[in-house]
Amino acid sequence: MGIAIPFDNSYARLPPGFHARVAPKPVAAPRVVKVNHALAAELGIDAGALETAEGAAVLSGAAAAPGSEPIALVYAGHQFGQFVPRLGDGRALLIGEVVDGSGRRRDLQLKGSGITPYSRQGDGLAALGPVLREYLVSEAMHALGLPTTRSLAIVTTGESVYRETELPGAVLTRVAASHIRVGTFQYFAARGETENLRALADYAIARHQPDAVGAPDRYRRLLEGVAKRQAELIARWMLVGFVHGVMNTDNMTVSGETIDYGPCAFLDAYDPATVFSSIDRGGRYAYGNQPAIGQWNLARLAECLLPLLSETEAEAMEQATGALSLYADAFNAAYARGLLARIGLPEGTGDDRPLAEDLLKRMQAGGADFTATFRGLSAILDGGDAATVSSGFRDPAAFDAWARDWKARLSRDGASPGERAEGMRRVNPAFIPRNQRVEEVIAAAVGRDDFGPFEAFLSVLARPYEDQSEAVRWADPGPAAPYRTFCGT
Ligand code: AMP
Ligand code: MG
């Protein structure tokens, strides 16, 4: 046996009500099409071994590597506002945990490896297209510097998956700080299983709030930790123009990592009302609604924790309310800091937020591209032609007027234009997973078995803040066209 993964499985040791054991099942013709070598090294796993036939068996769920204890995790969740008392891993399997080179405990999960006790009407499978999409977007988010689950490998199964049409099946190996969701707490809270709820909270504290282990106020600190991490995460989403698309409570982690790349997509033109997901008809998860929905989800977590927070109801409520306002404050601070950095201004040197927000308003009115506009600002400071930015606005004069105010503001600040332009390039990406390019590389892989474009795009996205002049085509938003995404990885 060549596969040696240093498993150390803690979730499997939680009480039986937390998960269901799932036996490996054969897969027709598993073929490894991608291994993330850098991530494998971080995890202490030999990437070469993952690329063998034995690796294909393990990564498809056909065989369990030594030390692996495959389990499906149970959870509940509010889906588009409707509470579903039992969801769980219907198409995913936690094969185990490893402690990485930096001492961080990471989950290894297969996505699309077949039915589990929580599959409900689903087939437990994933199609290659959505698997490639999750790999690409999650790794792009990581390179952009956002907390996110990672992607370790993709295996095609040689089997068909039936959606609207017949599609090639695939399994993604996802790596996460954990898979504890708001919905995991909701599952036990809704069943009135307070001891399991407490066991879950203590487990989550050990993993994500280690400073609070054993402390009398540890549940409050856990809730506040989640509030802060989610506020900062969602601020980062807003700052890079990321639309998650399905922020159900079962898709919100306690770790603060972005999870579940289904219908997500990045903004091209800036518009807070942007919705990509075909099933989000009411725009509940529109770009501009994300901060508020994060707080709504957090309120659901706070409700679950009430019985643990304090014996007196009033005091528990006070702590819960405090966490919600902490979320709002943390979001506002992180968002303001990030937005100012995008226009090259440090925080706390004056009230510059209206200036930054004025640019957003003009971008919205002018149909301007979110990513390209911010990236273009550095070139202007370097002496480039402002028309390359203003031409992206329906009314270029609207941008020029803003740029005059902006330059006047910068002239009152000490930094040299060159230094400032450099600093801005570190926060304004040149490369994001542009929707049309994501579709293009998926079509090549799925339709022609050509993974070349996928690999090329992936390597561009690994260095999003570098100019990469040979890669300009990957930065092009393409023709403005409505873009629709679908759930169902
Ligand atoms: P999601 O919208 O991707 O967060 O998934 C919501 C729930 O539906 C989770 O419990 C999934 O495990 C389950 N689910 C989604 N697709 C499938 C599928 N093809 N087979 C079984 N369960 C699924
Ligand atoms: Mg989910």
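Start at 1 and go down the list; that is how both ligands and their atoms are numbered.
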- Check whether the ring centres of Phe18 and Tyr187 lie less than 6.0 Å apart, and answer yes or no. no
- Item | salt bridge (Lys or Arg N to Asp or Glu O under 4.0 Å) partner of Glu139, chosen from Arg174, Arg150, Arg463 | Arg150
- Query: Under 3.5 Å between some N or O of ligand 1 and some N or O of Arg91?
  - Reply: yes
- Query: Under a 4.0 Å heavy-atom limit, does Ile115 contact ligand 1 with its side chain, its backbone, both, or neither?
  - Reply: neither
- Are Ser151 and Glu134 linked by a side-chain donor-acceptor pair shorter than 3.5 Å? no
- Query: Which atoms of ligand 1 are found less than 4.0 Å from any heavy atom of Arg120?
  - Reply: 7 (C), 8 (O), 10 (O), 13 (C)
- If we number the atoms of ligand 1 from 1 as shown, the ones under 4.0 Å from a heavy atom of Gly90 are 12 (O), 20 (N), 21 (C), 22 (N)
- Item | Ring center gap for Phe80 and Tyr285 short of 6.0 angstrom | yes
- A student checking ligand 1 against Gln79 at a 4.0 Å heavy-atom cut-off should list atoms 6 (C)
- ligand 1 atoms in contact with Asp260 (distance to a heavy atom under 4.0 Å): 4 (O)
- Query: Which atoms of ligand 1 are found less than 4.0 Å from any heavy atom of Leu125?
  - Reply: 19 (N)
- Message: Tell me whether Arg236 is salt-bridged to Glu232, with the criterion being a basic N under 4.0 Å from an acidic carboxylate O.
- Response: no
- Item | No-hydrogen, no-angle side-chain donor-acceptor test under 3.5 Å, Glu166 and Ser160 | yes
- Item | Option nearest atom 20 (N) of ligand 1 (shortest heavy-atom distance, choices Ala127, Pro130, Gly124) | Gly124
- Pull out every atom of ligand 1 sitting under 4.0 Å from any heavy atom of Asn251, numbered as shown with elements. 4 (O)
- Item | Validation row, ring centre Tyr11 to ring centre Tyr203 under 6.0 Å | yes
- Item | Subset of ligand 1 atoms that lie under 4.0 Å from at least one heavy atom of Leu87 | 10 (O)
- Query: Is the distance from the Mg ion (ligand 2) to some N, O or S atom of Asn248 under 2.8 Å?
  - Reply: no
- Where does the angle between the aromatic ring planes of Tyr327 and Phe331 fall among parallel (under 30°), tilted (30 to 60°) and perpendicular (over 60°)? parallel
- the Mg ion (ligand 2) reached by Asp260 (N, O or S, under 2.8 Å): yes
- Message: Below a 4.0 angstrom heavy-atom separation, can you tell me which part of Arg163, side chain or backbone, both or neither, approaches ligand 1?
- Response: side chain
- Task: Establish, from distance only, whether the side-chain atoms of His78 and Gln186 form a donor-acceptor pair under 3.5 Å.
- Result: yes
- No-hydrogen, no-angle side-chain donor-acceptor test under 3.5 Å, Thr149 and Ser138: no
- Proximity of Tyr75 to ligand 1 by residue part, where a heavy atom lies under 4.0 Å: side chain
- Item | Sub-4.0 Å atoms of ligand 1 with respect to non-hydrogen atoms of Gly88 | 9 (C), 10 (O), 11 (C), 12 (O)
